[in-house]
Each structure stands twice: as structure tokens, then as C-alpha cells.
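Counting starts at 1 for both ligands and their atoms, in listed order.
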Amino acid sequence: MTVRTKIIAGNWKMNNGIAETGEFFTKLETWFGADEIGKKAAAAVRSGKIEIVVAPVLTSIATAVASAKKGCKDLVGISAQNAYFEKKGAFTGEVSLGMLEEAGCKYVILGHSERRHVFGESDELLQKKLAAALVSKLLPIFCVGELLSERESGKTNDVLKKQLNRAWLDTDGDLLAEKLAIAYEPVWAIGTGKTASSDDAQNACAFIRELIAETFGINAAEKIRILYGGSVKAENSAGILEQNDIDGLLIGGASVEAESFAKIITAAL
Ligand code: PEP
């Protein structure tokens, strides 16, 4: 059986400016260095048991990269929350994957439900973004998930299939297996305080893994990490993480403060 390194990823959304980012990493540095559980977390990262990721706003990336390297001794990888697929040009307000890499990012979140539903990003646009990310040096964390109305009408699996089949259209399975992580984030559970039950989260993640196996084969299905996201807190993270097909967490609100993020990391140890 393939052992997949768990990813504990914090998506700060539009929170934590430069000063707050510095404070967050100072607290995490103290936790890794002086707290017994924090030391265990640092050892778990070094041994490849877990990966810790933080996705700050664009203006905080430089501070996060510098703090993660110096104080946190590369125990935390920095992610962007979004990127455009073109390399450069007349795309006001956008940032390219290459620019994020140059800024020190290692990951990029794509297709987050707020990008899809607040900013109108389509499956077609996300296909281009994922294709560009897969050939960049960044590791994409690609988000999928259904609306409440879709879940209530029994369409969850159809929605996941549609979003993923479009996203990885014409994609090479080996590349996908090597680089992709998928985050299952039911839209109705994001920022609402409603978490999917561990069973529902497991069922959706197992469905995604079967879809990968059917499309790209068992090797890809065994390698690709599938995370759950949606109102994850310290109290519910252990139950979600013990599910067979769940390889980590994408955390919004509870990742903004170092203390609650550290408690969620603790649940993964
Ligand atoms: C998210 O932003 O990806 C998320 C899951 O948010 P929250 O944990 O706040 O629901």
C-alpha cells in the first residue's frame, strides 16, 4: 500500500497583512522550537510524515517565505491562493505561476469555491490554469465541490466528475500523479461552520480516487493526495484525517491564527 504524506494546508483567504504574517510565523517558530508537540510536528515534517502549507495574500508572500525559511527552517511551504495561466502580458491584476515561483512559493491553490462562485471562474478557465500549473514548478492544490442544492438533489458525484473531467482533460496521467493534490471542499461547508460528516467526506474522496483510477490508472490513484476542506477545526480534524481516502486538510478560518492552526497540525501527528 502506498503511504501518502499528509498535507495540512492553511488558506488565509484575504486575512493577515504583512505585520500579522510576521507575528503568525514568530508564534509558529516558538511552537516548533520550544513546545514538545511542536517539536514532534517539526520531526514529522522532517521525516516526511506531514507537509505543512500556508497560503497568504499576495502582499504577505515575501514575509511568509522569509519567515518560513529563517525562523521556521523550511518546515512550512508557502502557497499562492490563485494564479493566471499566461506567463506575462496585459492581464491587469493577475499574477503568473512563474512570478509566484520566483517569489518563493511551492504550491498554488486553484479553483477554490470563492474563485468559482464569487469571481465566476469557469471549469474551462480552470482547465487552462491546471494545465499551466502542472508544467510549472509549483504543486497545484485543485479544489472541487458541490453546492448545497446539488448535494440535496443527489448530484454530488456528478458535480465532482464534471469539474475534474474538465480540469484534467488532455492531461498526462504521470504528470498528474507526480504533482497534483485535490481538495474536496463542499461549498456549503466552507466558512459556514457546517462540516461534512467524516463518512460523507470519505465517500466523496473515495469517489474522486475511483475516478482517478478509472481515468489514469491505479498508480495515479494511489499517489494523488486528496484533502478535505470545509469548516475544519481542531475538534473535528482527527476524525476526518483517519478516513482511508483523506490525505490532509485545507483549512480556511481556523488557519489564520497560529494557535488554532497548530492544534490542527497536532491532530495529524
Ligand atoms: C477554505 O477556505 O478552503 C475553507 C475550507 O474555509 P473554512 O475552513 O473557513 O471553511
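With hydrogens left out, the protein atom closest to atom 1 (C) of ligand 1 is H112 NE2, 3.1 Å, a heavy atom. With respect to atom 8 (O) of ligand 1, the closest heavy atom belonging to the protein is G252 N, 2.8 Å. For atom 9 (O) of ligand 1, the nearest non-hydrogen atom of the protein is G253 N, 2.8 Å. In this structure, atom 5 (C) of ligand 1 lies nearest to the protein heavy atom E185 OE2, 3.1 Å.
If you look at N11 next to ligand 1, the close heavy atoms, those under 4.0 Å, all belong to the side chain.
Between the side chains of Q243 and Y228, not a single donor N or O lies within less than 3.5 Å of an accepting N or O. Remark: the Y184 side chain and the E146 side chain contain an N/O donor-acceptor pair separated by less than 3.5 Å.
Atoms of ligand 1 found under 4.0 Å from any heavy atom of A189 (numbered from 1 in listed order, with element): 10 (O). The atoms of ligand 1 that sit less than 4.0 Å from any heavy atom of K13 are 1 (C), 2 (O), 4 (C), 6 (O). Residue-ligand proximity, G230 to ligand 1, at heavy-atom distances under 4.0 Å covers atoms 5 (C), 10 (O).
None of K223, R225, R209 except one satisfies the salt bridge (Lys or Arg N to Asp or Glu O under 4.0 Å) rule with D247; the exception is R209. Of the options I218, I182, L164, a side chain to side chain contact (heavy atoms under 4.5 Å, CB included) to I212 is made by I182 and by none of the others. Partner T21 forms a side chain to side chain contact (heavy atoms under 4.5 Å, CB included) with one of T26, V54, T63, T59 and no other, that one being T63.
Nearest-heavy-atom check against atom 10 (O) of ligand 1 across G191, S255, G145 picks out G191.
Ring orientation note: the planes of F91 and Y84 are tilted relative to one another, at an angle of 30° to 60°.
Considering backbone and side-chain atoms alike, S231 places an N or O below 3.5 Å from some N or O of ligand 1.
Electrostatic pairing of K27 and E259 counts as a salt bridge here, judged by a charged N lying under 4.0 Å from a carboxylate O.
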